[in-house]
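Written out below as structure tokens is the structure these notes cover.
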Amino acid sequence: MNKTQQFNQLLNLADNALIIGHRCSEWCGHGPVLEQDIAISNIALDYIGQARNFYQAAATLINEDPEMLTGFVLPATEDSLAYLRDQREFRNHLITELPNGDWAVTTLRIFLFSAYQYFLYTQLKDSGDLSVNAIAEKALKEVTYHVKWSADWVIRLGDGTEESNRRIRHAVDHLWAYTGELFLQESELQQQWLQKVQLVFEEAGLVIPEKTWMHQGGTSGNHTEHLGFILAEMQFLQRAYPGSQW
Amino acid sequence: MSFHTNKYYYGDYGEAKNGAADISAKGSAKEEWPLWEIFIRSKQGLDHKHVGSLHAADAAMAIENARDVYTRRMEGVSIWAVESKYIHASNPDEAGALYDPANDKVYRHPTFYDLPDEVKYM
């Protein structure tokens, strides 16, 4: 992997964490019960923490070799990467930017995505890339809990009332087409992920959908219309009052 | 009488048709999750101490909720959860008869004995 690829990978990891973290944070104050409001806000904070670490690693990389890519505010910082890029420059997977929808869509999205992160971070923590080893190792503990928490909800909703089952099945239909983008090449990662999803779906009484057309484009900057709204809210202050602090 | 309202939050764009994000205002006490008492043991602590209570659908969720609500600032390394209905309490009205008689019996305190150095945590 050359430096540009490494930089893009770091951005993908950071953007994924930032955007899904922002989505989770939208529940703050709106959770179905106080305890779950705090739970999902904690998860949001975990994600923002991961995003910071990956952005810092990405900033270090590009500052060492500013010629590598053009179009970035230099010297790059975690803040400039998060707040001063436009949506076409974001490298997150589409599944992270979709609206929260109801509690079923919210928890299923976290489950599908954090299960992917779990196996990915497990690989990254032992990979040769020193810049991500330590971050992945620390993040893995957080993600392990996210998987457990969200899988519990998928099972509860699937194996719950008629209404909860209807909602979680709708969530599966809605989100499944966004999971293909996580595995653009056939890989061991995909097999591990599929096994985990299969296991939880079985317990929840859910069925993995037939092979279907999959959305993609996030990692090359072609996003859904939803990302722009997130960035507008997230970046407004820094764009309107550059460098302001609070 | 129950009112049915549709409530939308930021992030719910266009989900209404899918039946999402509609939160009915009926919610009765019957549908509420049971209450649990939470006990946490801190890293240095030897015993679990009562820290508060929370709602959860079952024991597993109570422990997860306790982790999220009561250990965010590194308060503990172990959690106990007990459904509140299983806690039996003494009657505050009987406090006089139950506790006051101990007031004048200082000789019950272990301060009258010399403790060997090997005995810790007294």
Side-chain angles (χ1 to χ4, degrees), chain A residues 19 22-46 97-106 108-109 145-146 148-153 155-157 159-161 163-164 166-171 173-174 224-226 228-230 232-233, chain B residues 2 4-38 40 51-79 81-84:
Chain A
I19 300 301
H22 184 85
R23 280 300 188 210
C24 292
S25 78
E26 289 173 357
W27 275 105
C28 185
H30 301 291
V33 293
L34 174 79
E35 292 82 355
Q36 296 301 325
D37 190 302
I38 297 175
I40 198 165
S41 301
N42 285 347
I43 291 173
L45 287 169
D46 287 344
E97 69 200 41
L98 299 174
N100 282 326
D102 61 10
W103 193 246
V105 174
T106 298
L108 182 68
R109 182 240 302 272
Y145 184 74
H146 304 170
K148 180 173 162 22
W149 177 86
S150 56
D152 282 357
W153 270 109
I155 293 165
R156 261 174 217 289
L157 294 173
D159 192 22
T161 64
E163 170 74 357
S164 73
R166 182 183 70 74
R167 287 190 182 230
I168 193 77
R169 277 189 289 109
H170 159 254
D173 291 343
H174 172 56
T224 67
E225 70 271 29
H226 306 296
F229 289 97
I230 297 179
E233 182 178 17
Chain B
S2 75
H4 197 80
T5 55
N6 283 321
K7 194 165 177 184
Y8 298 100
Y9 299 124
Y10 175 76
D12 287 346
Y13 316 105
E15 293 288 326
K17 289 198 183 85
N18 302 324
D22 80 38
I23 291 175
S24 72
K26 51 184 183 195
S28 70
K30 246 190 200 166
E31 291 168 35
E32 246 178 48
W33 292 337
L35 195 66
W36 299 74
E37 300 300 323
I38 303 301
I40 305 267
V51 292
S53 55
L54 48 74
H55 289 95
D58 56 31
M61 192 197 273
I63 288 176
E64 280 189 16
N65 285 351
R67 179 263 187 196
D68 281 314
V69 176
Y70 292 116
T71 67
R72 306 176 73 220
R73 301 179 183 88
M74 303 186 296
E75 289 93 336
V77 292
S78 172
I79 297 170
V82 182
E83 206 176 331
S84 305

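Letters go in sequence order (proteins before strands), and every chain restarts at 1. Any value given below was found using the heavy atoms of this structure, including those in side chains, with hydrogens, waters and symmetry copies removed.
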* Pick from Trp103(A), Trp149(A), Tyr145(A): which one has the most heavy-atom pairs with chain B under 4.5 Å? -> Tyr145(A)
* Structure fact -> Sorted by chain and number, sequence neighbours left out, salt bridge (charged side-chain N to carboxylate O under 4.0 Å, His left out) with Glu64(B) holds for Lys148(A)
* State the CD-CG distance between Gln36(A) and Leu54(B), to the nearest 0.5 angstrom. => 10.0 Å
* To the nearest 0.5 Å, what is the distance between CG (Asp68(B)) and CD1 (Ile43(A))? -> 6.5 Å
* Measure the shortest side-chain to side-chain distance between Met61(B) and Trp153(A) over non-hydrogen atoms and say whether it is less than 4.5 angstrom. => yes
* Asked: What distance do Glu35(A) atom CD and Trp36(B) atom CH2 have between them, rounded to the nearest 0.5 Å?
  -> 12.5 Å
* Structure fact -> Checking Asp37(A), Ile38(A), Asn42(A) against Val69(B) for side chain to side chain contact (heavy atoms under 4.5 Å, CB included), the one that qualifies is Ile38(A)
* Is there a side-chain contact between His55(B) and Leu34(A) (heavy atoms, below 4.5 Å)? -> no
